[in-house]
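A note on names: the letters A, B, ... follow the listed sequences, proteins ahead of strands, and every chain is numbered from 1. This one's a predicted model, so the numbers in the text were calculated from it and none came from an experiment.
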Amino acid sequence: MPDIVSRLSDWYRDAARDLPWRRAAFHDEFGAWGVLVSEFMLQQTPVSRVIPHLEAWLARWPTPEAMAAASTADVVQQWANLGYPRRALWLHRAAVEITERHDGIVPRDVDALLALSGIGDYTARAVAVFSYGDRHPVVDTNTRRVLARAIDGRAHPAPPSRRDLALMESLLPASVPESVVFNAAAMELGATVCTARAPRCEQCPLSASCAWLVAGRPDTGDDRRRQASYEGSDRQARGLVLRLLRQAAPDPVPLVAVLPDWPDSPQRDRAIDSLIADGLAEADGEALSLPR
DNA sequence: GAGTCGTGGGC
DNA sequence: TGCCCAAGACT
């Protein structure tokens with residue numbers, strides 16, 4: 001196999017975007033906590049939307065201990081319209097766990113990171129690698145797509161699995177600092193060049209050897225699940241209810257004033273109940289509010 | 001393991 | 001314009 005590693009890493013050293021969490025000053029100021037917060041926000045959310053929220057978040061809660069002391073309502077409020085608001089609850093929970101179990105220090109050990117709320121295979125290794133500089137395979141959707149194309153010759157990756165970690169591990173340079181660069185490089189290529197739609201193969205450092213490009217960019221069978229339509233969905237109803245609660249906070253909203261014109265009232269009630277079950281809302285009497 | 005979970009931008 | 005996609009994790 002041609003040297004994917006050195007080509008990608010060389011490209012990255014020249015082409016890497018200047019992102020907040022890549023700056024030395026960011027690490028000096030916020031340490032692993034800053035990286036952890038950025039990774040939570042980046043889960044399924046584009047970089048451009050994360051940046052302003054991240055800066056506001058860290059200005060308000062610069063340490064795990066500071067955030068652990070905040071109320072759930074404040075956390076959900078500060079999360080604003082970032083989407084997937086359960087991430088705000090999990091980040092808050094993780095801050096409490098770090099404060100109570102790790103003396104306020106974000107753990108460096110991958111298993112300890114995996115034990116925290118809201119942290120899975122990707123985020124645990126991203127923190128260990130991009131904050132602590134350790135050697136682990138970091139695999140996100142960008143990396144999976146790059147490897148699917150460059151190595152397997154497929155337009156789209158198979159659904160995520162543990163094999164992804166093993167494949168990335170097999171490619172990882174033995175040198176620790178080089179392994180960090182390669183992890184970042186694979187993600188960066190997928191984010192800026194080897195994109196899901198309209199990839200810029202003419203700018204790709206792997207174009208000479210990419211199995212997919214060499215094969216003529218075949219439109220291979222795509223077994224990815226389609227995202228359910230959003231219009232009229234439970235998710236939309238939940239989103240609207242929570243937006244209402246954020247706008248009204250700290251005041252509660254009378255239940256009769258929660259989406260009164262929603263066409264499907266059982267669906268509306270289901271949304272309210274599920275928000276309460278998730279801990280994103282609280283009902284006291286005949287009113288709904290952000291959780292205390 | 002498949003379903004579920006927000007929100008907004010780009011094509 | 002509607003559809004696709006985005007540094008995933010949990011149940």
Side-chain angles (χ1 to χ4, degrees), chain A residues 12 16-17 19-22 34-54 76 79-91 93-94 113-131 136-146 155-165 168 180 183-192 194-200 222-246 267 270-271 273-275 277-281:
Chain A
Y12 178 79
R17 291 168 294 174
L19 299 174
W21 44 91
R22 289 179 178 164
V35 174
L36 181 62
V37 174
S38 75
E39 295 298 348
F40 263 86
M41 291 185 171
L42 287 162
Q43 292 169 2
Q44 297 285 284
T45 303
V47 166
S48 60
R49 290 185 55 206
V50 163
I51 290 175
H53 286 282
L54 176 66
V76 175
W79 194 259
N81 62 340
L82 263 177
Y84 288 153
R86 291 185 298 185
R87 289 182 294 167
L89 296 182
W90 292 333
L91 177 54
R93 222 169 281 161
L113 286 161
L114 283 170
L116 298 174
S117 297
I119 295 192
D121 285 330
Y122 165 75
T123 303
R125 290 171 178 78
V127 170
V129 170
F130 300 130
S131 179
H136 303 283
V138 180
V139 179
D140 74 336
T141 186
N142 293 303
T143 295
R144 292 195 305 110
R145 186 173 52 253
V146 167
H156 303 285
S161 82
R162 279 306 175 51
R163 300 170 185 278
D164 304 329
L165 281 180
M168 192 61 179
V180 174
N183 275 313
M187 290 174 62
E188 186 74 353
L189 189 78
T192 62
C194 191
T195 51
R197 283 178 301 181
R200 308 164 158 192
D222 186 354
D223 53 353
R224 295 171 301 169
R225 295 190 307 274
R226 261 190 59 183
Q227 226 172 47
S229 74
Y230 186 65
E231 197 64 26
S233 66
D234 285 16
R235 300 167 74 178
Q236 184 185 31
R238 281 171 56 104
L240 290 172
V241 170
L242 201 55
R243 177 190 307 195
L244 189 64
L245 297 185
R246 275 194 251 105
Q267 181 183 50
R270 201 160 61 237
D273 289 343
S274 71
L275 286 171
D278 284 348
L280 285 164

Asks: For A/Arg17, what residues pass the salt bridge (Lys or Arg N to Asp or Glu O under 4.0 Å) criterion, not counting sequence neighbours?
Replies: A/Glu188
Asks: With sequence neighbours left out, what residues match A/Ala88 under side-chain contact (heavy atoms from CB on, under 4.5 Å)?
Replies: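 With neighbours one apart ignored, the set is A/Val75, A/Trp79.
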Asks: Looking at every strand, decide which applies to A/Tyr230 at a 4.0 Å heavy-atom threshold: base, sugar-phosphate, or nothing.
Replies: base
Asks: Determine the Euclidean distance between corresponding P atoms of B/dG6 and C/dT11; express it in Å to zero decimal places.
Replies: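 Taking atom P in both C/dT11 and B/dG6, they lie 14 Å apart.
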Asks: Roughly how many Å apart are B/dC11 and C/dA7, using the C1' atom of each and rounding to a whole number?
Replies: 22 Å
Asks: Does anything in residues 236-246 of chain A form a salt bridge (charged side-chain N to carboxylate O under 4.0 Å, His left out)? List the pairs, not counting sequence neighbours.
Replies: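 Residue pairs with at least one partner in residues 236-246 of chain A: A/Arg238-A/Asp278.
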Asks: Going 5' to 3' along DNA chain B, between which two nucleotides do contacts with chain A fall, using a heavy-atom cut-off of 4.0 Å?
Replies: B/dG3 to B/dG10
Asks: Please identify each residue that fulfils side chain to side chain donor-acceptor pair (under 3.5 Å) with A/Asp234, with sequence neighbours left out.
Replies: A/Gln267, A/Arg270
Asks: By side-chain contact (heavy atoms from CB on, under 4.5 Å), which residues pair with A/Val180, not counting sequence neighbours?
Replies: A/Val129, A/Phe130
Asks: For A/Pro159, enumerate each residue passing the side-chain contact (heavy atoms from CB on, under 4.5 Å) test, keeping only those at least two apart in sequence or located in another chain.
Replies: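 Checked A/Pro159 against side-chain contact (heavy atoms from CB on, under 4.5 Å); matches are A/Asp223.
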Asks: With sequence neighbours left out, what residues match A/Tyr84 under side-chain contact (heavy atoms from CB on, under 4.5 Å)?
Replies: A/Gln44, A/Arg87, A/Arg235
Asks: Begin with the C-alpha distance, continue with both residues' side-chain angles, and end with the deciding distance and a verdict on side chain to side chain donor-acceptor pair (under 3.5 Å) for A/Glu39 and A/Tyr122.
Replies: CA-CA 9 Å; A/Glu39 295 298 348; A/Tyr122 165 75; 2.7 Å; yes
Asks: Strictly under 4.0 angstrom, non-hydrogen atoms only: write out the protein contact profile of nucleotides 4-11 of chain C, one letter per nucleotide from the 5' end, B, S or -.
Replies: BBBBBSS-
